Structures are given as C-alpha cells and as structure tokens.
Asks: 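I am attaching a structure below and will ask some questions about it afterwards.
The chains referred to below are lettered A, B, ... by the order of the sequence lines, with proteins before strands, and numbering in each begins at 1. If you're wondering where the values come from, they're calculated on a predicted model, not measured in any experiment.
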Amino acid sequence: MPAPKKSFHALFRPLSAEARRKKDSLEIEDDPSLQAIWEVIARVPRGKVSTYGDVARAAGLPGRARQAGYALRHMPEGLNLPWYRILGSGGKIVFPPRSKHHREQARLLRSEGVEVTKGRVPKSAIATLDEI
DNA sequence: GTTGTGACATTAT
DNA sequence: CATAATGCCACAA
C-alpha cells in the first residue's frame, strides 16, 4: 500500500491534546453530524464552490456554519475531501490573505478553472443548494 | 457549571 | 469597501 500523497491536512495547525485524543479514539470520525457535512463537501462539483453556511444547511444543520468549519478542521485524511472548495459567505477565502493556506486554496481553485481575485470568486462559481 | 475560542454569518456603522 | 457589533453553537479548558 503506497503511502498516500501528503495531504493538506498535515499543513494545518496541530490538534490540541484533547482533540488528538478524540481523534485517536475515533469519536470524531463517528459523529453523524460531521459525517453529514463531509458528505456534502464531497458532492460539491469540481470547478464550483460552496460556503460554510450552505454546507451546513445542505447537511441538515441550518445555522451551524461554524460546525462546518469544525468538520473541515477535523477532516479524516483518507477521504481526500475538496476542502478548498469551501469558502466564507459571498465566496471569500476565509484564511488571512498572505497565509500559506490562502495561497494554496487560491491555487487549487484556479487549477480547476475557478477565477480568484482578491481572495474572492465570482458569484457564478458558487454552487446552489440543490447542486450539493 | 462557567468561560473562552473559532476554517462562520449577518447587520450596523 | 473596511471594521465592529451581534448572533450563533459546539467544543475545549
């Protein structure tokens, strides 16, 4: 079994001791709400994007955009989810403009044809709720 | 039980 | 357009 290509997950801030404990005990991966969110993210079409709020709604968790963020931070590596297709409201990258994450997200989006100017994508690139 | 934090969103200034 | 104030809610300390 070849080692999977280093995922961006590895670039993220290290999990706290408590979060790591949970992760190791698989409590997070088994959480139904988080799984629902991950499934929605996996359905966002290539070349399009969605937002934290919409992802949460599509997962049956209206008003819980922050939970979508939590789910992304705790993405299981094996799923290879298109994390970079998830933006803040209005289609803005949520990471600080010059941060590594911001640049990487913009790069990946452009790599699939999504225009990114000043950390923002065209409204036309945002998938509608029924698309996800 | 209480307090602080956060890959958010919306509204007001 | 930028920043601040609120609202929000799960999680961690």
Side-chain angles (χ1 to χ4, degrees):
Chain A
M1 182 63 185
K5 199 174 61 168
K6 183 177 293 184
S7 84
F8 299 108
H9 188 77
L11 298 174
F12 297 146
R13 163 154 72 81
L15 299 172
S16 69
E18 176 61 15
R20 170 59 64 185
R21 187 194 64 75
K22 268 198 174 185
K23 189 171 174 50
D24 287 346
S25 66
L26 300 182
E27 290 172 26
I28 289 183
E29 280 78 357
D30 291 342
D31 186 304
S33 295
L34 299 189
Q35 289 188 350
I37 290 168
W38 292 328
E39 284 173 24
V40 170
I41 292 170
R43 295 202 292 273
V44 178
R46 186 184 164 80
K48 302 226 78 170
V49 304
S50 189
T51 68
Y52 294 90
D54 282 351
V55 165
R57 258 180 299 192
L61 303 168
R64 298 194 216 177
R66 299 188 97 122
Q67 193 67 4
Y70 180 88
L72 271 154
R73 246 207 93 226
H74 295 273
M75 274 195 301
E77 301 186 23
L79 296 184
N80 289 98
L81 297 175
W83 63 271
Y84 53 88
R85 294 182 191 146
I86 311 304
L87 309 177
S89 76
K92 285 194 338 174
I93 294 178
V94 301
F95 299 108
R98 265 163 242 57
S99 68
K100 189 146 192 170
H101 285 67
H102 183 111
R103 282 195 286 258
E104 185 63 0
Q105 185 162 23
R107 185 185 70 75
L108 287 165
L109 287 172
R110 290 178 181 126
S111 81
E112 37 185 66
V114 180
E115 180 185 351
V116 183
T117 60
K118 292 193 309 254
R120 178 166 294 207
V121 307
K123 193 166 80 80
S124 59
I126 303 176
T128 58
L129 271 185
D130 49 303
E131 288 180 291
I132 58 179

Asks: Got a donor-acceptor pair under 3.5 Å from the side chain of A:Tyr52 to the base of B:dA7?
Replies: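 Result: at least one qualifying N/O pair found.
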Asks: Can you tell me which residue among A:Glu39, A:Gln67, A:Met75 is in a side chain to side chain contact (heavy atoms under 4.5 Å, CB included) with A:Leu34?
Replies: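 It is A:Gln67; the other options fail the test.
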Asks: Angle between ring planes, A:His101 versus A:Phe95, binned at 30° and 60°: parallel, tilted or perpendicular?
Replies: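 Because their plane-to-plane angle lies in the 30° to 60° range, the rings of A:His101 and A:Phe95 count as tilted.
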Asks: To the nearest angstrom, how far is A:Lys118 atom NZ from C:dC1 atom P?
Replies: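 Rounding to the nearest Å, NZ of A:Lys118 and P of C:dC1 are 7 Å apart.
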Asks: Rounded to whole angstrom units, what separation is found between the CZ atom of A:Arg66 and the P atom of C:dC9?
Replies: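 The distance from CZ of A:Arg66 to P of C:dC9 comes to 11 Å, rounded to the nearest Å.
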Asks: Give the rounded distance in Å between these two atoms: CD1 of A:Ile41 and C1' of B:dA7.
Replies: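 Rounded to the whole Å, the gap is 10 Å.
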Asks: Closest-nucleotide mapping onto DNA chain B: is A:Gly90 or A:Ala68 further toward the 5' terminus? I mean the 5' end.
Replies: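 With A:Gly90 and A:Ala68 compared, the 5'-side residue is A:Ala68.
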Asks: Can you tell whether the side chains of A:Glu112 and A:Arg85 come within less than 4.0 Å, N to carboxylate O?
Replies: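 Salt bridge: yes.
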Asks: Tell me whether the OP1 or OP2 atom of C:dA12 has a side-chain N or O from A:Tyr70 closer than 4.0 Å.
Replies: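 Answer yes for this pair, as a side-chain N or O of A:Tyr70 is under 4.0 Å from OP1 or OP2.
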Asks: CZ of A:Arg57 versus P of B:dC8: gap in Å, rounded?
Replies: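 Spelled out: CZ on A:Arg57 to P on B:dC8 is 16 Å.
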Asks: Counting side-chain heavy atoms from CB outward, which of B:dA7, C:dA10, C:dC8 is closest to A:Val94?
Replies: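 Of B:dA7, C:dA10, C:dC8, B:dA7 is nearest to the side chain of A:Val94.
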Asks: Return yes if some donor-acceptor pair links the side-chain N/O of A:Lys48 with the main-chain N/O of A:Val114 below 3.5 Å, else return no.
Replies: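 Side chain of A:Lys48 to backbone of A:Val114: no pair is present.
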Asks: Find the distance A:Leu34:CG to B:dG6:C1' and express it as a whole number of Å.
Replies: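 Those two atoms, CG and C1', are 15 Å apart.
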Asks: Under 4.0 angstrom, heavy atoms only, what part of the nucleic acid is A:Arg64 near: base, sugar-phosphate, or nothing?
Replies: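 Here A:Arg64 touches the backbone only, sparing every base.
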Asks: Between atom CZ in A:Arg73 and atom C1' in B:dG6, what is the gap in whole Å?
Replies: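 Rounded to whole Å, this separation is 9 Å.
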Asks: If I pick the C1' atom on C:dC8 and the same atom on B:dT5, what distance separates them, to the nearest angstrom?
Replies: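 Rounded to whole Å, the distance is 13 Å.
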